[in-house]
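Notes follow once the structure below has been shown.
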Amino acid sequence: MKVALIVIGKTDEEYLTQGVGVFENRLKHYLPYEQIVIPALKNTKGLSLFEQKKKEGGLLLKSLLPADHLILLDEKGKEYTSVELANYFQKKMNAGIKRLVFVVGGPYGFSDEVYARANAQLALSKMTFSHQMIRLFFVEQVYRAMTILKNEQYHNQ
């Protein structure tokens, strides 16, 4: 199974880019992983929030393959412990899913079309984090899930 993370806009902070890179390199030992960056919208002053979400949503949907299993990283989503997330990944691997795609939306969330296409929603926390920080937290949790499944020492319980 391949895991992909789709994000809107590049990561501006070097420390976050470095942190994400550390965990992406570690993940290579467990499964194929890729981050897909959709360029941030330009000239949005004349657009309403609805129009911005719709445009971003169209770009997100174009980056998907028909068989992708799409999970939105959304504050209204289901929360998991790290062990539960590891078990979730195991179930998806056992189900034969070829590409499990997670998406961090833009600053205003997702369009109705993206919600309609999604297979699930996942919340990483009840707290709000910047869209750039979520990238680091997410990739670390995927790495943690893989070490849990392999019964390795990274996760303490």
Is there side-chain contact between Ile8 and Leu59, with at least one heavy-atom pair below 4.5 Å? no

Spacing of Gln121 atom CD and Lys76 atom NZ [to the nearest 0.5 Å]: 6.5 Å

Among Arg144, Gln90, Gln141, find the one that has a side chain to side chain contact (heavy atoms under 4.5 Å, CB included) with Leu85. Gln141

Will you find, in the side chains of Ser130 and Gln132, an N or O donor that is under 3.5 Å from an N or O acceptor? no

Using a 4.5 Å cut-off on heavy atoms from C-beta on, say whether the side chain of Val103 contacts that of Val114. no

Lys55 atom NZ: more than 12 heavy-atom contacts under 6.0 Å: no

Working to the nearest 0.5 angstrom, can you tell me the gap between Lys54 NZ and Leu49 CG? 14.5 Å

Is the closest side-chain donor-acceptor distance between Lys91 and Asn94 under 3.5 Å? no

Find out whether Val7 and Phe138 are in side-chain contact, i.e. whether some heavy atom of one side chain is under 4.5 Å from a heavy atom of the other. no

NE2 on His29 to NZ on Lys150, rounded to 0.5 Å: 12.5 Å

Surrounding CG of Asn151 (heavy atoms of other residues, nucleotides or ligands, distance under 6.0 Å), is the total greater than 12? no

With a 6.0 Å cut-off (strictly less than), is the heavy-atom count around CD of Glu14, excluding the residue itself, greater than 12? yes

CG-CG distance between Leu72 and Leu60, expressed to the nearest 0.5 angstrom: 8.5 Å

When you compare the side chain of Leu41 with that of Glu56, does any pair of heavy atoms fall below 4.5 Å? yes

The reported gap from CG in Asp68 to CG in Leu61 (rounded to nearest 0.5 angstrom) is 11.0 Å

Before accepting this row, confirm whether a basic side-chain N of the pair Glu113/Arg117 lies closer than 4.0 Å to the acidic partner's carboxylate O. no

Is the number of heavy atoms from other residues, nucleotides or ligands within 6.0 Å of OH (Tyr154) greater than 12? yes

Does the side chain of Tyr88 reach to within under 4.5 Å of the side chain of Glu84, using non-hydrogen atoms? no

Is any side-chain heavy atom of Thr11 less than 4.5 Å from a side-chain heavy atom of Leu136? no

Does Val101 share a hydrophobic cluster with Phe110, counting links as ILVMFWY side-chain heavy atoms below 4.5 Å and allowing steps through other members? yes

May I ask you to say whether Arg135 pairs ionically with Glu24, meaning some side-chain N is under 4.0 Å from a carboxylate O? no

Taking the side chain as everything from C-beta on, heavy atoms only, tell me whether Phe102 gets closer than 4.5 Å to Leu122. yes

CD1-CG distance between Ile6 and Leu64, expressed to the nearest 0.5 angstrom: 5.0 Å

Can you confirm whether Val139 sits close enough to Gln35 that some side-chain heavy atom of one is under 4.5 Å from a side-chain heavy atom of the other? no

For side chain to side chain contact (heavy atoms under 4.5 Å, CB included), just list the numbers for Tyr143 and Tyr30, CA-CA rounded to whole Å, side-chain angles, deciding distance to a tenth of an Å, and then say yes or no. CA-CA 8 Å; Tyr143 172 72; Tyr30 300 95; 3.6 Å; yes

Is there a donor-acceptor contact under 3.5 Å linking the side chains of Ser125 and Glu79? no

Count the heavy atoms belonging to other residues, nucleotides or ligands that lie under 6.0 Å from CZ of Phe129, then report whether that count exceeds 12. yes

